[in-house]
Amino acid sequence: FGGAVYHFDGQTLSHQVNVPAGPVSLHGDTMLNGGVVRTRSGGTWAVEDFLANSDGAAIRSSSLDGEDRAIVGGAEAGYVFERSAGDWVQVAKLTPLDPGTQAPYDCGVGVALSGATALVACEDANSFVGHVHAFLLDGGTWQPEGIIASGTTGFYDFVSVTIDGDLAAATFPDDQVVAIARTAGV
């Protein structure tokens, strides 16, 4: 199974490229599909790079912020990449800690990135309750800021997160949607 990218010019919808099934994010002429970065030139999409995180974990989710920064979710973390001289380089590993044990736990099922804020969704191994952790970029270093949303039941890899500036949202499989507005800090 897979998907496709179409372009709509205001009158005509035209097929551009087929892509594998999986998480997809698009900004301008850059597309992130799982760990594959594609760029468009003249209506043609070409593979530019493959994002491989430092742990070799399978990519479960992905998000672009502009055309030069991305985050992908793996087994226990979110991994931030930046485009530098045409290559994508991992610049940070964001590892949320389980609120009960303070140890790394099942994360990366949902990720989002906007400016200096990253979100990483995780699942508590004991209760299966989902949590969304926020990280802020401060002085070139990503700092954990805590949990900004939690589900009420286990989400078993079905959480979705998004962020745009000071507004974030998370959905959980128990039909819970949480909207979060930043007022100070996170």
Test Ile163 against Leu113 for side-chain contact (heavy atoms from CB on, under 4.5 Å), laying out the working first. CA-CA 6 Å; Ile163 185 169; Leu113 186 62; 5.6 Å; no
Can you give me the closest heavy-atom contact between Val132 and Ala170, atom names plus distance? CG2-CB, 3.8 Å
Are the side chain of Asn33 and the backbone N or O of Val24 linked by a donor-acceptor pair below 3.5 Å? no
Under 3.5 Å: donor-acceptor pair, side chain of Asp164, backbone of Leu167: no
Where is the tightest heavy-atom contact between Gly165 and Ser114, given as atom of each residue plus distance? N-OG, 3.0 Å
Step by step, would you call Asn53 with Gln90 a side-chain contact (heavy atoms from CB on, under 4.5 Å)? CA-CA 7 Å; Asn53 61 63; Gln90 181 181 322; 3.8 Å; yes
So Val80 and Trp142, do their side chains get closer than 4.5 Å, heavy atoms only? yes
Taking the side chain from Arg38 and the backbone from Val17, do they hold a donor-acceptor pair closer than 3.5 Å? no
If the threshold is 4.0 Å, N to carboxylate O, is there a salt bridge linking Arg83 and Asp49? no
Examine distances only and state if a side-chain atom of Asp138 and a backbone atom of Thr141 form a donor-acceptor pair shorter than 3.5 Å. no
Run Met31 and Ser25 through side-chain contact (heavy atoms from CB on, under 4.5 Å) and show every step you take. CA-CA 6 Å; Met31 176 176 36; Ser25 184; over 6 Å; no
Does atom CG of Asp55 have more than 12 heavy-atom neighbours, drawn from other residues, nucleotides or ligands, at distances under 6.0 Å? yes
Measure across Arg40 and Gln16 and return the closest heavy-atom pair with its distance rounded to 0.1 Å. CD-OE1, 3.3 Å
Any donor-acceptor pair under 3.5 Å linking the side chain of Gln143 with the backbone of Phe135? no
Grouping ILVMFWY residues whenever side-chain heavy atoms fall under 4.5 Å, the cluster of Trp88 otherwise contains Leu32, Val37, Leu51, Ile59, Leu64, Val72, Tyr79, Phe81
